[in-house]
Amino acid sequence: MGSVDVQDVWNRVNAVCFDVDSTVCIDEGLDEFAAFCGVGEKVAEWTNKAMGGSVTFREALSERLKIIQPTRNQLSQFLESHPPKLTPGVKALVELLHSRKVDVYLVSGGFKSIIEPIAKELNVPIDNIYANRFKFYYDGSYAGFDEDAPTSESGGKPSVVKLLKEKCNYTVMAMIGDGATDMEASPPADLFIGFGGNKIRESVKSKAPWFVMDFKTLIDALK
C-alpha cells in the first residue's frame, strides 16, 4: 500500500480500534500495576516475550498474573494513585474522530478495570472497551482472569474487529497499535497503522503499511 492509498483509507474510516498500552497510554498498564505490587521486573520480561511474539499471549498473561497475584484492594489503590498517562495528541485525535462521526474502540490485552479511567478521559463509552477482566474471590484475593474474553489469547484482536464489523456494519475499520497482536487484526481491519511514539517494535515497523511516530501525523492526514 502506498502512502497515498493508506491516507485515502484513513479518511474513509467509520470505526477505529486503538490498542491501549504504549499506544493510547505512554506505559504498559499491567507492568505499572506489577511495579506497584513490587514485582515489576519479572512481569516486564513476560510482557516483552508476548509483544515480540516468542510465547503465546495467553501463556504470557497467565504467567504475569501468577507473579502479581493482585488483590481487589491493590487494584483500587493502584487506580487511585495512578491516573492515566495519555500519549500526547491522542485526546485531540479521538475528539477529531468523534466530530467526524467515527466510532472509537479501545481493544486491549490489558484489563478493563485499568482501562475504564482512560476511556472516561477520552469520552469513549465504557461499552466500547474490549479487554480482559480480573476475577476475585469474595475476600478480594486473586481468582484468575476471564478466559472467555477474546482478548485473553493470541488472535483475540482480529476476532474483536471481525465481531464489530459484523455487528455494526462498518465498511472501513482501522486498527492502531504498537505490537504484533495489533498488526494481526488487519485483516479483518481494512487498515493497520503501526504506532512508534512510545515503543518501536522492529517487526511492526518493517511490516506495517503505515508507521507513524506521533498522533499529529494522523490528525494532519484527516484534514
Quiz item: Between CG of Asp190 and OG1 of Thr171, what distance do you get to the nearest 0.5 Å?
Solution: 7.5 Å

Quiz item: Are any of the side-chain heavy atoms of Pro70 and Phe33 separated by less than 4.5 Å?
Solution: yes

Quiz item: Which pair of non-hydrogen atoms, one from Leu164 and one from Cys17, has the smallest distance, and what is that distance?
Solution: CD1-SG, 4.0 Å

Quiz item: Between Asp220 and Thr217, is there a donor-acceptor pair closer than 3.5 Å when you use the side chain of the first and the backbone of the second?
Solution: no

Quiz prompt | Sidechain N-carboxylate O distance under 4.0 Å for Lys66, Glu63 | solution = yes

Quiz item: Pick one: which of Glu147, Arg58, Arg133 meets side-chain hydrogen bond (donor to acceptor under 3.5 Å, both in side chains) with Ser152?
Solution: Arg58

Practice problem: Let me see the working for Met173 and Val13 under side chain to side chain contact (heavy atoms under 4.5 Å, CB included), right down to the final yes or no. | Solution: CA-CA 5 Å; Met173 284 186 81; Val13 293; over 6 Å; no

Quiz item: Is Phe18 close to Val107 at the side-chain level, that is, under 4.5 Å between some pair of heavy atoms?
Solution: no

Practice problem: Using a cut-off of 6.0 Å, state whether more than 12 heavy atoms not belonging to Lys162 lie near its atom NZ. | Solution: no

Self-check item: Ser186 (side chain) donor-acceptor with Met183 (main chain) under 3.5 angstrom
Solution: no

Practice problem: Would you mind reporting whether Tyr130 and Leu163 have side-chain heavy atoms less than 4.5 Å apart? | Solution: yes

Exercise. Could you please spell out the steps behind the ring-ring contact (aromatic ring centres under 6.0 Å, His included) verdict for Phe134 and Phe145?
Key: CA-CA 5 Å; Phe134 291 116; Phe145 59 93; 9.0 Å; no

Self-check item: Ion pair Lys157/Asp19, N-O distance below 4.0 Å
Solution: yes

Quiz item: Can you find a pair of side-chain heavy atoms, one from Asp103 and one from Tyr105, that are under 4.5 Å apart?
Solution: yes

Quiz item: Under the criterion side-chain contact (heavy atoms from CB on, under 4.5 Å), which of Asp5, Val9, Asp8 is the partner of Leu191?
Solution: Val9

Self-check item: Ionic contact status for Lys120 with Glu116, cut-off 4.0 Å
Solution: no

Quiz item: Say you draw a straight line from CD of Glu153 to CG of Leu61; how long is it, rounded to the nearest 0.5 Å?
Solution: 10.5 Å

Quiz item: Is the shortest side-chain N to carboxylate O distance from Asp139 to Arg72 below 4.0 Å?
Solution: no

Self-check item: Thr23 side chain vs Asp178 backbone, donor-acceptor pair below 3.5 Å
Solution: yes

Quiz item: Would you say Ile219 and Ile26 are hydrophobically clustered, going by side-chain heavy atoms of ILVMFWY under 4.5 Å?
Solution: no

Practice problem: Say whether Glu28 and Ser22, considering side chains only, have a donor N or O and an acceptor N or O under 3.5 Å apart. | Solution: yes

Quiz item: Looking at Ala119 and Ile129, what are the two nearest heavy atoms and their distance?
Solution: CB-CD1, 3.8 Å

Quiz item: Phe192 versus Pro209: any side-chain heavy-atom pair under 4.5 Å?
Solution: yes

Quiz item: Between Phe215 and Phe195, does the ring centre distance come in under 6.0 Å?
Solution: yes

Quiz item: Could you state the interatomic distance from CD (Glu41) to CD (Glu45), rounded to the nearest 0.5 Å?
Solution: 8.0 Å

Exercise. Find out whether Leu222 and Leu93 are in side-chain contact, i.e. whether some heavy atom of one side chain is under 4.5 Å from a heavy atom of the other.
Key: yes

Self-check item: Lys112 side, atom NZ; Ile118 side, atom CD1 - distance, nearest 0.5 Å
Solution: 13.0 Å

Quiz item: If you look at every heavy atom in Pro188 and Lys165, which pair is closest and at what distance?
Solution: O-NZ, 3.1 Å

Exercise. State which residues pass side chain to side chain contact (heavy atoms under 4.5 Å, CB included) with Asp27; sequence neighbours excluded, sorted by chain then number.
Key: Cys25, Glu32, Lys85

Self-check item: Euclidean distance, Cys37 SG relative to Tyr142 OH, rounded to 0.5 Å
Solution: 12.0 Å

Quiz item: Does a salt bridge link Lys135 with Asp146, judged by any charged N lying under 4.0 Å from a carboxylate O?
Solution: no

Practice problem: Examine distances only and state if a side-chain atom of Ser141 and a backbone atom of Tyr137 form a donor-acceptor pair shorter than 3.5 Å. | Solution: no

Quiz item: Which pair of non-hydrogen atoms, one from Trp210 and one from Gln7, has the smallest distance, and what is that distance?
Solution: CH2-CG, 3.8 Å

Quiz item: With distance as the sole test, does Trp10 use its side chain to make a donor-acceptor pair with the main-chain N or O of Leu218 at under 3.5 Å?
Solution: yes

Practice problem: Before giving the answer on side chain to side chain contact (heavy atoms under 4.5 Å, CB included), spell out for Asn14 and Val102 the whole-Å C-alpha distance, their side-chain angles and the decisive distance to 0.1 Å. | Solution: CA-CA 5 Å; Asn14 42 27; Val102 174; 5.5 Å; no

Quiz item: Which atom names give the shortest non-hydrogen contact between Ala208 and Gly194, and what distance separates them?
Solution: CB-N, 4.0 Å

Practice problem: For the pair Asn128 and Val104, evaluate side chain to side chain contact (heavy atoms under 4.5 Å, CB included) and give the outcome as yes or no after the intermediate values. | Solution: CA-CA 7 Å; Asn128 286 18; Val104 173; 5.8 Å; no

Quiz item: Is it true that Leu79 and Leu65 fall in one hydrophobic cluster, defined by side-chain heavy atoms closer than 4.5 Å?
Solution: yes

Quiz prompt | Positive for side-chain contact (heavy atoms from CB on, under 4.5 Å) with Lys91, one of Leu122, Val24, Leu96 | solution = Leu122

Exercise. State, yes or no, whether a side-chain contact exists between Ser113 and Leu75 at a heavy-atom distance under 4.5 Å.
Key: yes

Quiz item: Do you see a donor-acceptor pair shorter than 3.5 Å between the side chains of Asn73 and Thr71?
Solution: no

Quiz item: Out of curiosity, Asp31 CG to Asp21 CG, how far, rounded to the nearest 0.5 Å?
Solution: 7.5 Å

Exercise. Heavy atoms only: give me the nearest Ile115-Ala131 pair and the separation to one decimal.
Key: CD1-CB, 3.8 Å

